[in-house]
Peer 1: 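Okay, here's the structure, questions in a sec.
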Amino acid sequence: KFTDLLDPRWKGKLLLPDVRTMGDTFWPMTSVRLNLGDDIIKRLFVDQEPVLSRDSRQVAEFMVRGRFPVALGVNPLLLKQFQRQGLGKNLKLLRFPEMDTVNFGTTLWLVNRAPHPKAAKLLINWLLTKDAQVHWGREVETNSRRVGVEPGNPEFAVPTGARFFQVDAEENLPHVVKTQDIAKAVIK
């Protein structure tokens with residue numbers, strides 16, 4: 001469980017993305033805070049004396065090279081790049097239900113008064129087809145919200161009955177801002 005990271009044996013041995021800035025743990029830590037209370041930020045990011053990083057590639061590389069036994073926010077796509085080179089195959093990804101978040105991934109923007117609006121509409125309609133979603137999921141290693149499309153990254157498939165914090169919902173913005181405010185107040 002997530003609170004195992006608060007065990008004194010991990011003090012000074014954790015590698016964490018800096019929760020004061022947007023990054024790989026910013027949204028999940030909001031979910032943790034809502035599940036475990038506001039003090040979890042101080043208990044993990046101050047009391048445990050972790051090393052903080054704002055560089056996703058550095059987090060993945062430090063883990064692959066064995067510099068830290070535990071890290072949060074290891075970007076799975078970056079980790080896969082190292083693993084294709086034969087590195088970091090001994091790393092194990094753990095799922096903490098307290099960190100479960102969902103966002104809607106890639107955002108597709110349609111520019112108002114685009115030079116070729118019919119072409120843009122054609123592209124958007126194609127991207128939403130099952131074939132395109134299968135290809136996109138496989139190439140980007142992400143999971144489509146379209147029914148009937150196999151997960152591009154089964155490790156991140158939404159478990160049946162899971163309750164997720166929707167990070168990109170407008171009504172959740174105050175929660176996200178509060179996480180950042182708490183982090184800025186306690187981390188020096």
Side-chain angles (χ1 to χ4, degrees), residues 2 16-35 53-61 63-64 71-85 87-89 91-180:
F2 187 87
L16 306 176
D18 193 337
V19 75
R20 294 170 292 185
T21 62
M22 295 291 188
D24 291 319
T25 59
F26 184 75
W27 306 110
M29 282 308 299
T30 298
S31 181
V32 170
R33 185 182 63 75
L34 292 172
N35 283 304
S53 175
R54 292 183 179 184
D55 184 338
S56 295
R57 182 165 176 78
Q58 182 183 53
V59 171
E61 186 171 343
M63 287 305 293
V64 164
L72 289 179
V74 178
N75 184 298
L77 294 177
L78 292 171
L79 180 58
K80 287 244 193 252
Q81 289 175 6
F82 284 111
Q83 289 176 333
R84 285 186 198 113
Q85 299 170 32
L87 303 168
K89 298 219 179 219
L91 295 178
K92 182 178 179 184
L93 178 67
L94 300 175
R95 182 180 159 269
F96 295 115
E98 300 93 341
M99 291 187 88
D100 283 345
T101 60
V102 65
N103 64 29
F104 295 109
T106 305
T107 302
L108 183 61
W109 292 77
L110 178 60
V111 178
N112 189 17
R113 292 186 228 140
H116 303 286
K118 289 183 181 179
K121 183 178 177 182
L122 183 68
L123 174 66
I124 291 168
N125 284 331
W126 175 77
L127 282 172
L128 296 175
T129 66
K130 183 176 179 179
D131 289 343
Q133 289 291 296
V134 166
H135 183 71
W136 181 266
R138 194 176 313 124
E139 290 301 314
V140 184
E141 296 183 26
T142 190
N143 299 329
S144 174
R145 291 184 47 87
R146 185 182 173 110
V147 174
V149 174
E150 290 294 316
N153 188 339
E155 292 179 85
F156 290 102
V158 177
T160 305
R163 225 188 73 209
F164 283 75
F165 175 69
Q166 186 178 335
V167 298
D168 52 2
E170 188 174 346
E171 64 269 14
N172 289 332
L173 182 60
H175 297 300
V176 174
V177 170
K178 184 174 180 181
T179 298
Q180 192 173 37

Peer 1: Please list, chain by chain and in numerical order, all residues satisfying side chain to side chain contact (heavy atoms under 4.5 Å, CB included) with Q133, sequence neighbours excluded.
Peer 2: S144, R146, V149
Peer 1: Check whether N143 reaches the backbone of G152 with its side chain - one donor and one acceptor, N or O, closer than 3.5 Å.
Peer 2: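 Side chain of N143 to backbone of G152, a donor-acceptor pair under 3.5 Å: yes, one is there.
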Peer 1: Got a sec, which residues hit side chain to side chain donor-acceptor pair (under 3.5 Å) with Q180, two or more places apart in sequence or on another chain?
Peer 2: none
Peer 1: Can you sort out the partners of K130 under side chain to side chain donor-acceptor pair (under 3.5 Å), two or more places apart, ordered by chain and number?
Peer 2: none
Peer 1: For E61, check side chain to side chain donor-acceptor pair (under 3.5 Å) against everything at least two apart and list the hits.
Peer 2: R65
Peer 1: From L34 CG over to K178 NZ, what is the distance, rounded to the nearest 0.5 angstrom?
Peer 2: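 Reported value, rounded in 0.5 Å steps: 8.5 Å.
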Peer 1: Quick one: CG on L77 to NZ on K80, what's the gap to the nearest 0.5 Å?
Peer 2: 8.5 Å
Peer 1: Checking F2 against L72 for the side chain to side chain contact (heavy atoms under 4.5 Å, CB included) test, could you report, in this order, the C-alpha distance in whole Å, the side-chain angles of both residues, the deciding distance, and whether it holds?
Peer 2: CA-CA 10 Å; F2 187 87; L72 289 179; 4.0 Å; yes
Peer 1: Not counting sequence neighbours, which residues clear ring-ring contact (aromatic ring centres under 6.0 Å, His included) with F82? List them please.
Peer 2: none
Peer 1: Holding to side chain to side chain donor-acceptor pair (under 3.5 Å), I want the full list of residues that pass it with T30, two or more places apart in sequence or in another chain.
Peer 2: T179
Peer 1: According to side chain to side chain contact (heavy atoms under 4.5 Å, CB included), who are the partners of Q58, at least two apart in sequence or on a separate chain?
Peer 2: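 Only S53, D55, F62 meet the side chain to side chain contact (heavy atoms under 4.5 Å, CB included) criterion with Q58.
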Peer 1: Atom NZ of K89 and atom CZ of R84: how far apart are they, to the nearest 0.5 Å?
Peer 2: 10.0 Å
Peer 1: Inspect the surroundings of CD in Q85 and state if more than 12 heavy atoms from other residues, nucleotides or ligands are less than 6.0 Å away.
Peer 2: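 Yes.
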Peer 1: Under the side chain to side chain contact (heavy atoms under 4.5 Å, CB included) test, which residues partner L79, sequence neighbours left out?
Peer 2: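 Partners of L79 under the side chain to side chain contact (heavy atoms under 4.5 Å, CB included) test: V64, V74, Q83, L91.
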Peer 1: Distance check, rounded to the nearest 0.5 Å: R138 atom CZ versus E150 atom CD?
Peer 2: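 Going from CZ on R138 over to CD on E150, the span is 10.0 Å.
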Peer 1: So which atom in M29 and which in M99 form the shortest heavy-atom distance, rounded to 0.1 Å?
Peer 2: SD-CE, 4.4 Å
Peer 1: Evaluate the criterion side chain to side chain contact (heavy atoms under 4.5 Å, CB included) for residue pair K92 and L94; output intermediate values, then yes/no.
Peer 2: CA-CA 6 Å; K92 182 178 179 184; L94 300 175; 3.8 Å; yes
Peer 1: Is there a donor-acceptor pair under 3.5 Å between the side chain of R33 and the backbone N or O of V176?
Peer 2: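 No, the answer is negative, given that no donor and acceptor are paired below the 3.5 Å cut-off.
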Peer 1: Show me, pair by pair, the donor-acceptor contacts under 3.5 angstrom made by side chains of residues 113-127, not counting sequence neighbours?
Peer 2:
{"unit_1": "N125", "atom_1": "ND2", "unit_2": "K121", "atom_2": "O", "d": "3.3"}

Peer 1: Compare every heavy atom of V59 with every heavy atom of P17, then report the nearest pair and how far apart it is.
Peer 2: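 Taking every non-hydrogen atom into account, CG-CG2, 4.5 Å.
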